[in-house]
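In what follows, a single structure is set out as structure tokens and then discussed.
Both backbone and side-chain heavy atoms feed into the values below; hydrogens, waters and symmetry mates do not. Predicted, not measured: the structure shown is a model, and the values here were computed from it.
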Amino acid sequence: MRGGRAIGAMLAFVAGIAGVPSAQAQWPSGAPRQDFVAPAPGSYALPPIQPAADGWVLEGNRLPRRLSTYTHGALTLLSFVYTYCSDPIGCPLAYATFDTIKRRALADPALRGRVRLVSLSFDPLNDTPEAMRAYGGEHARSTELRWHFLTTYSTKFLKPILDDFGQDVEIELDASGAPTRARTHMLKVFLLDRQGQVREIYSAAFLHPDVILNDLRTLALESASKSLAKVRLPPG
């Protein structure tokens, strides 16, 4: 996460000023509201942080696929969720933010057809492919801007993906020490370029649609610039 963004984002978090939710996914009560000016697209760099993790995942009634299928070939936003999460600065915030990003990317010629969203479950035991598809609702069926709702066979397949992304999660215990369905985790959203490189990681305090959209536009400009440079290269 870029240091220059930290001060503005944290001040916005403390200020708690409202954004505008969509009709499909209302902004979660208690989630941070932010009001600050995002840097202009292309006025800053987003250096690669790490390669995206890979592993076997499931979507709907399809055969297993590699996660890399969903992290290469488009500008991708990926978050880890579970369907019954009720923490306002957790999964509901990620869902509402993705909903906003989807609507605004579809209306932006610079991003339309270039962006993909991915929500991957923390809890393969309860979040079956069918449960994830139901969680996605109309977003899981829409082909305008693909939003994939994924899960895994089991925690055995999930854990290496979490470890490689650096995403911690713990199962909450009840008063008697027995495991519950709830998960304790810090919200992270990963921005990946077309080559599957992580270029930014957003926490709840930084999860502002204007910032994310400008980061997407910055990567789109970078990709276009590289393509143009290749065309102009003289034959060698």
Where Val189 and Ser79 come nearest, the two heavy atoms and their spacing: CG2-CB, 3.9 Å
Worked check of salt bridge (Lys or Arg N to Asp or Glu O under 4.0 Å) between Asp99 and Arg104: CA-CA 9 Å; Asp99 177 84; Arg104 293 178 61 179; over 6 Å; no
Check: Tyr202 and Asp215 side chains under 4.5 Å, non-hydrogen atoms: yes
Atom pair CD1/CD of Ile201 and Gln50 - distance to nearest 0.5 Å: 5.5 Å
For Asp164, all residues meeting salt bridge (charged side-chain N to carboxylate O under 4.0 Å, His left out), sequence neighbours excluded: none
Side chain proximity check, Phe122 to Val81, heavy atoms < 4.5 angstrom: no
Option passing side-chain contact (heavy atoms from CB on, under 4.5 Å) with Val198 (candidates Asp193, Ile49, Leu46, Leu78): Ile49
Thr97 side-chain N/O to Leu93 backbone N/O, donor-acceptor pair under 3.5 Å: yes
Nearest non-hydrogen partners of Ala40 and Ser43, listed with the distance: O-OG, 2.6 Å
pair Pro92-Cys85: side-chain heavy atoms closer than 4.5 Å: yes
Rounded distance [0.5 Å steps], CG in Asp87 versus CG in Leu187: 8.5 Å
Polar side-chain atom of His72 near backbone of Arg194 as donor-acceptor pair, under 3.5 Å: no
Stepwise side chain to side chain contact (heavy atoms under 4.5 Å, CB included) test for Val118 and Leu150: CA-CA 7 Å; Val118 178; Leu150 310 178; 3.7 Å; yes
Pairs meeting criterion salt bridge (charged side-chain N to carboxylate O under 4.0 Å, His left out) with involvement of residues 46-56, two or more places apart: Asp54-Arg66
Expected output: side-chain Gln167 to main-chain Met186 donor-acceptor under 3.5 Å: yes
Pairwise distance NE2(His148) to OG1(Thr69) - rounded to 0.5 angstrom: 9.5 Å
Contact check, side chains of Arg65 and Tyr70, non-hydrogen atoms, under 4.5 Å: yes
Atom pair CG/OG1 of Leu120 and Thr151 - distance to nearest 0.5 Å: 7.0 Å
Rounded distance [0.5 Å steps], CG in Leu162 versus NZ in Lys188: 10.0 Å
Stepwise side chain to side chain contact (heavy atoms under 4.5 Å, CB included) check, Glu222 with Arg199: CA-CA 12 Å; Glu222 176 190 284; Arg199 304 294 290 271; 2.6 Å; yes
Donor-acceptor contact below 3.5 Å, side chain Thr128 vs main chain Ala131: yes
Between Asn214 and Tyr44: side-chain donor-acceptor atoms closer than 3.5 Å: no
Sequence neighbours excluded, every pair satisfying side chain to side chain donor-acceptor pair (under 3.5 Å) that has a member inside residues 105-120: Thr76-Arg116, Asp108-Arg217, Ser119-Trp147
Hydrophobic cluster identity match, Leu106 and Val115, side-chain contacts under 4.5 Å: yes
Hydrophobic cluster (4.5 angstrom, side-chain heavy atoms) - remaining members for Phe157: Trp56, Leu58, Tyr153
Inter-residue atom distance Leu111.CG - Leu145.CG, 0.5 Å rounding: 9.0 Å
Aromatic contact, Tyr95 with Tyr135 (centres under 6.0 Å): yes
Min side-chain heavy-atom separation Val57-Leu158 under 4.5 Å: no
Check: Ser121 side chain, Tyr82 main-chain N or O, donor-acceptor pair, under 3.5 Å: no
Test item: Thr218 side-chain N/O and Gly42 main-chain N/O as donor-acceptor pair under 3.5 Å: yes
For Arg62, all residues meeting salt bridge (charged side-chain N to carboxylate O under 4.0 Å, His left out), sequence neighbours excluded: Glu59
Contact list for residues 142-162, test salt bridge (charged side-chain N to carboxylate O under 4.0 Å, His left out), sequence neighbours left out: Lys159-Asp163
Stepwise side chain to side chain contact (heavy atoms under 4.5 Å, CB included) check, Phe98 with His139: CA-CA 10 Å; Phe98 276 24; His139 292 304; over 6 Å; no
Chi angles and distances behind the side chain to side chain contact (heavy atoms under 4.5 Å, CB included) call for Glu200, Ile212: CA-CA 9 Å; Glu200 183 62 293; Ile212 297 172; over 6 Å; no
is_close_aromatic(Phe80, Phe165), centroid dist under 6.0 Å: yes
